[in-house]
Amino acid sequence: MKMDDCIFCRIANGTIPSKTLYEDESFRVILDVNPATKGHALILPKEHAADLYELPDEAAKDVLVLAKKMAKTMRDRLGCDGLNLVQNNGEAAGQTVPHFHMHLIPRYAGDGQTLGWEPREAASEELEEIRRKMTE
Ligand code: AMP
Ligand code: ZN
C-alpha cells in the first residue's frame, strides 16, 4: 500500500524529492533534514508500514542487511568513528512520522551528541516478573 497522505511514502516513492543515498525496488535511503550528526540517514521501505509491528517479515530481514551495507559505506566514505542504529515505535518512544524508518547516525569522536538512557536500579523481583510475563 502506498499512502498519498504519508510524507515518507511520498519521499520513498519519489513524489517528493530527497537527498537519496541509495535506492532499490523495496527501499530508499535518504539524508535526514534535521541531522543529529553529519550523514544522519533514514532507511524508508517503499511499502507503507506504520511501525515495526506492521512491517512484513521480509522487509524486517532486508532492512538490517541494508543497514549493514550503508554502515560500511558511511565508515569508509565519511570516516565516522562509530554508528548508532535507532528505530522508534510509537509516540512514547519518540516516533514522529508514522511510517517505519530506521535511523543511521554516524558518530564522530567528540561530536557532542547524546543518544541513550539513564540506567536505573531494578530489583530482582522486577526482572523476574518481566521474564515471567514475556515467557509464560
Ligand atoms: P522519528 O522521530 O524516529 O519519527 O524520526 C523522524 C525523522 O524524520 C526526524 O529525524 C526528522 O528530522 C526526519 N524528517 C522529517 N521530515 C523529513 C523530510 N521531509 N525529509 C527528511 N527527513 C525528515
Ligand atoms: Zn507511508
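Whatever order the structure lists ligands and atoms in, that order sets their numbers, starting from 1. Below, all heavy atoms of this structure are taken into account, side chains as well, without hydrogens, waters or symmetry copies. Note that the structure is a prediction, hence the values are computed from the model and not measured.
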Applying salt bridge (Lys or Arg N to Asp or Glu O under 4.0 Å) as the test, list every pair that has at least one member in residues 62-77; sequence neighbours left out. none
Mind counting the protein N, O or S atoms sitting less than 2.8 Å from the Zn ion (ligand 2)? 4
Side chain to side chain contact (heavy atoms under 4.5 Å, CB included) with Thr20: which residues, sequence neighbours excluded? Ser18, Glu23, Arg28, Ile30
Do Arg132 and Glu129 meet the salt-bridge criterion of a basic N to acidic O distance under 4.0 Å? no
Val63 with Met70, same ILVMFWY side-chain cluster at under 4.5 Å: yes
Arg107 and its side chain to side chain donor-acceptor pair (under 3.5 Å) partner, picked from Thr37, Asp81, Asn84: Asn84
Look at the rings of His99 and Phe8 and say which category their plane angle falls in: under 30° parallel, 30 to 60° tilted, over 60° perpendicular. perpendicular
For residues His103 and His40, determine if any side-chain heavy atom of one lies less than 4.5 Å from a side-chain heavy atom of the other. yes
Look up atom CG in Asn88 and atom CG in Asp51, then write down how far apart they are to the nearest 0.5 Å. 11.0 Å
I want to check something: taking the side chain as every heavy atom from C-beta on, are Thr73 and Tyr22 in contact at a cut-off of under 4.5 Å? no
Per-ligand residue contacts, ligand 1, heavy-atom threshold under 4.0 Å: Ile7, Phe8, Ile11, Ile30, Leu31, Asp32, Val33, Asn34, Leu42, Asn88, Gly94, Gln95, Thr96, Val97, His101, His103
